[in-house]
Amino acid sequence: MRRTTLTQFLVEQQRSARAIKPELRLLIEVVARACKAIAVNVGKGALANLLGNAGTDNVQGEAQKKLDVISNEILMEANEWGGHLAGMASEEMETIHEIPNRYPKGEYLLLFDPLDGSSNIDVNVSIGTIFSVLKKTDELGPVSERSFLLPGTAQVAAGYAVYGPTTLLVLTVGTGVHCFTLDREMGSWVLTQSNLKIPEDTSEFAINMSNMRHWEPPVRRYIDELLAGREGPRGKDFNMRWVASMVADVHRILTRGGIFMYPRDKREPDKPGKLRLMYEANPMSFIIEQAGGASTTGLERILDVRPGKLHERISVILGSRNEVERVAAYHAESRRS
Ligand code: P6P
C-alpha cells in the first residue's frame with residue numbers, strides 16, 4: 001500500500017488546504033530532518049559515549065545532558081542557513097539566536113525544547129523534541145526577544161518528536177493533528193495517523209503524586225476524587241500514569257485520552273509552574289486543542305496567555321476536554337469561596 005510521506009503531506013497542505021506557505025513547508029521539513037538526526041544520536045547512547053552530563057548548566061540552572069547540548073546544536077545548525085527564519089529560541093539558550101548576517105532571513109520564528117524529558121535519557125525511557133512556529137509580526141527592525149512574546153494563538157505550526165520504541169513526529173499546521181512514523185530503512189517520515197481526536201472523557205490521569213502536599217486546593221480536591229474511585233463522587237475507578245517526559249505523556253493522551261497536570265504549587269509561590277510556556281505548554285496546547293482537547297492554567301486558556309518573558313513557566317492542565325473543564329470549574333469555585 002502506498003504510504004504518504006511527510007513531504008507529500010506538506011505539499012498537499014500547501015497546494016490544496018492552502019494551510020501553509022512554501023517557506024513554512026521548508027521549515028517543517030528541516031525540523032523533521034533534524035529530529036531524525038537527534039533520533040540517531042539518542043539511539044546510539046552509550047555506544048557513542050553520549051549519555052550523562054555535559055558539565056554545563058542551562059538557563060534554568062539545570063545540569064545539561066550531553067544529548068541536550070547535541071540536540072540543540074543539531075536544530076540550530078539545520079535551521080540557520082535556509083532563509084526561512086528570522087530567529088530561534090531554545091530552552092537550552094538564555095537569549096534568542098538571530099540568524100547570522102551571512103544567511104538570508106525569513107519571517108518565521110522557531111522555538112524549541114530540543115530534548116524534553118532529560119531525566120529519562122540515562123535510563124532509556126522515551127524522550128522527545130518539542131517545537132513551535134510563530135510569524136514575526138513586529139515590523140520594528142531586527143528580531144528581538146520581544147518578537148517572540150506572542151500568545152499561543154499566534155502559532156502557525158507546532159509539533160513534537162517522540163524517541164521511543166518507534167520514532168514519531170506529531171504535527172499540526174492548524175488543520176488537525178497528524179502522526180508520522182520514521183521508516184528507519186528509508187529514512188522517511190510516513191503518515192500513520194490522520195486527524196487524531198482525543199476522547200472527551202477518560203479514566204486515566206497523569207501527575208507527579210510526590211508533589212501532593214504542595215498542591216493548591218482545587219487540584220487536591222480533583223485528585224482526591226479520582227483516588228476515591230467508584231465509591232467516591234466520580235463513581236468510577238481511575239488509573240494513573242506518569243512518564244516524566246511530557247512528550248510521552250501527551251502522546252499517550254493524544255492516542256487514548258487522559259488528563260496531564262503539572263500545576264503550580266506552594267513550593268515556590270512566585271513560580272507559576274514547572275513547565276515553560278513558549279516551547280512546551282504552547283505547542284502542546286495547540287496540538288491538544290486541534291485534536292479536540294482542552295488546555296488551561298486552571299485559571300485561563302493557555303493559548304490566550306500573553307507572555308512576559310521568553311523562558312517563563314506556566315501551570316499546565318491539558319487533555320480530555322470534560323476532565324480539564326472540571327478542573328477549571330474547581331479553580332473557579334475555589335476563587336469564589
Ligand atoms: P518531574 C521533563 O524534565 C519535564 O520538563 C517534562 O517533560 C515532564 O513532564 C516534567 O518535567 C517531569 O517533572 O518533576 O515529575 O520530574
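Given the structure is predicted, the values throughout are model-derived calculations rather than measurements. Just follow the structure's listing: the first ligand is 1, and inside any ligand the first atom is 1. Numbers here are sequence positions counted from 1.
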Salt-bridge criterion met for E323 and R234 (N-O under 4.0 Å): yes

Atoms of ligand 1 close to S245 [distance to a heavy atom under 4.0 angstrom, numbered from 1]: 7 (O)

F260 and W242 aromatic ring geometry - parallel, tilted or perpendicular at 30°/60° bounds: parallel

Test: K136 and E23 ion pair at under 4.0 Å: no

Sub-4.0 Å heavy-atom contact, S119 with ligand 1: no

Nearest-contact summary for atom 14 (O) of ligand 1 - protein heavy atom, Å: Y262 OH, 2.6 Å

Salt bridge R25-E29, side-chain N to carboxylate O under 4.0 Å: yes

For F260, the ligand 1 atoms whose distance to one of its heavy atoms is below 4.0 Å: 9 (O)

Nearest candidate to atom 16 (O) of ligand 1, where distance is taken over non-hydrogen atoms, out of E280, E91, K274, M284: K274

Proximity winner for atom 9 (O) of ligand 1, if only heavy atoms of R276, M246, M209, E62 are counted: M246

Per-atom contacts, ligand 1 versus N208 - under 4.0 Å to a heavy atom: 1 (P), 14 (O), 15 (O)

Sub-3.5 Å N/O-N/O distance, N211 and ligand 1: no

Check against ring pair (Phe, Tyr, Trp, His ring centres under 6.0 Å), Y222 and F205: CA-CA 11 Å; Y222 176 72; F205 68 99; 7.7 Å; no

Carboxylate-amine/guanidinium proximity below 4.0 Å for D224 and R221: no

